Each structure stands twice: as structure tokens, then as C-alpha cells.
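Please read the structure below before turning to the comments.
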Amino acid sequence: MTYVDGFIVAVRRDRLDDYADLARLAGAVWKAHGALDYVECVGDDLPYGQVTSFPRAVQATGDEVVIFAWIVYASKAERDLIVPKVMADPRLKIDPDAMPFDGQRMIYGGFNTLVQV
């Protein structure tokens, strides 16, 4: 079964185009190093929950949108080989001050696939 890295991040609406540019570049880099798929989605129907919700999870403000994204690998072993290559790729060496999101509020993790139809 495949392995998936998922993440959620808040992005200011006025930086969404910058984020999309970064996502296109990142997707190309991940796939060049062996990822099977790379998807980034912008929140559209995200109710603000009483206890938990996507906006609460990343402390999104009124001028931010929530991005939900994932990267698919053939296996966790493949992911463990790909990630260091991506992190070392000079195309993704970006000045932290120029990032179009606050990385401290990013939520991410790796997942074993349970069902794939």
C-alpha cells in the first residue's frame, strides 16, 4: 500500500498566488525525486468548529485560507529515501522571511494507507 505525507497550513489571501507558485515548484521537485502524486487544495467549505476544525487547527485568521495537501509515495521506505533528497534540493532553498505562510502553524504527518479504491 502507498504511504502519504499530509499537511495543513494557513496562507494569507493576498499571498495565495505566491503560495501557488511555491506549491507548483515543490510538486515538481517532489515528483522529480520519486513521489507518485502531489496535491494542494484551498479550503472552500470549512466550518469553524466549537472545539476543533481545520481553521482552528492552524489558527487561521480572517484574512487567511486553509491549505490541505498531501504527497503520495509507493511506500514508507520510498518516502524515507525521497524526503532527504527533496530537502537537499537547491530549488527549494527559500529565504524563510519570503515564505508565503507561517511554518510554525503547519500541521503535518505521515500516514499508512488504510483503504485505497
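All figures in this text were calculated on a predicted structure; none of them were measured in a lab.
The minimum heavy-atom distance linking L46 with V66 is given by the pair CD1-CB, 3.6 Å. The shortest heavy-atom contact between R91 and A32 is NH2-CB, 4.1 Å. Considering every non-hydrogen atom in both P84 and R79, the closest pair reads CD-O, 4.5 Å. Summarising the geometry of P47 relative to S53, their closest heavy-atom pair is O-CB, 3.3 Å, with the distance given to 0.1 Å.
Checked by atom type and distance alone, the side chain of T2 never pairs as donor or acceptor with a backbone atom of V72 at under 3.5 Å. R105 places no side-chain N or O within 3.5 Å of a backbone atom of V9 that could act as its donor or acceptor partner.
The distance from atom CD of E78 to atom CG of L36, rounded to the nearest 0.5 Å, is 8.0 Å. Here the CD1 atom belonging to I71 is positioned 4.5 Å from the CH2 atom belonging to W30, to the nearest 0.5 angstrom. For the atom pair D37 CG and K31 NZ, the distance stands at 5.5 Å (nearest 0.5 Å). Summarising the geometry, atom CG belonging to D89 is positioned 3.5 Å from atom NE2 belonging to H33; distances are rounded to the nearest 0.5 Å. W70 contributes atom CH2, which lies 10.0 Å from atom CZ of F7 (distance to the nearest 0.5 angstrom). The distance from atom CG of D102 to atom CD of Q59, rounded to the nearest 0.5 Å, is 8.5 Å.
Side-chain N/O atoms of Y73 and D5 include a donor and acceptor closer than 3.5 Å.
A continuous path of ILVMFWY side-chain contacts below 4.5 Å connects L92 to Y38, so both sit in one hydrophobic cluster. Clustering ILVMFWY residues whenever any of their side-chain heavy atoms sit less than 4.5 angstrom apart, transitively, puts V4 in a cluster other than the one holding I82. In terms of hydrophobic clustering, with Ile, Leu, Val, Met, Phe, Trp and Tyr side chains grouped at heavy-atom distances under 4.5 Å, V86 and L25 are assigned to a common cluster. Transitive grouping of hydrophobic side chains (ILVMFWY, heavy atoms separated by less than 4.5 Å) brings V39 and I8 into a common cluster. Grouping the Ile, Leu, Val, Met, Phe, Trp and Tyr side chains by contacts below 4.5 angstrom, directly or via other members, places Y108 with V83.
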Exercise. Begin from the C-alpha positions of L22 and I94 and carry the test side-chain contact (heavy atoms from CB on, under 4.5 Å) through to its verdict.
Key: CA-CA 10 Å; L22 176 60; I94 299 163; 3.1 Å; yes
Exercise. Assess whether side-chain contact (heavy atoms from CB on, under 4.5 Å) is satisfied between N112 and M1, documenting all intermediate values.
Key: CA-CA 8 Å; N112 287 305; M1 281 280 197; over 6 Å; no
Practice problem: Start with the C-alpha gap between L16 and I67, add the side-chain angles, then the distance that decides, and say whether side-chain contact (heavy atoms from CB on, under 4.5 Å) holds. | Solution: CA-CA 10 Å; L16 192 55; I67 301 294; 4.1 Å; yes
Exercise. May I have the step-by-step check of ring-ring contact (aromatic ring centres under 6.0 Å, His included) for F111 and Y3, ending in yes or no?
Key: CA-CA 6 Å; F111 298 83; Y3 192 81; 8.0 Å; no
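Crowding of D14 atom CG: a count of heavy atoms from other residues, nucleotides or ligands under 6.0 Å exceeding 12.
Between R15 and E64, none of the side-chain N atoms (NZ, or NE/NH1/NH2) sits under 4.0 Å from a carboxylate O, so this pair counts as no salt bridge.
When ring centroids are compared, F101 and Y19 come within the 6.0 Å threshold.
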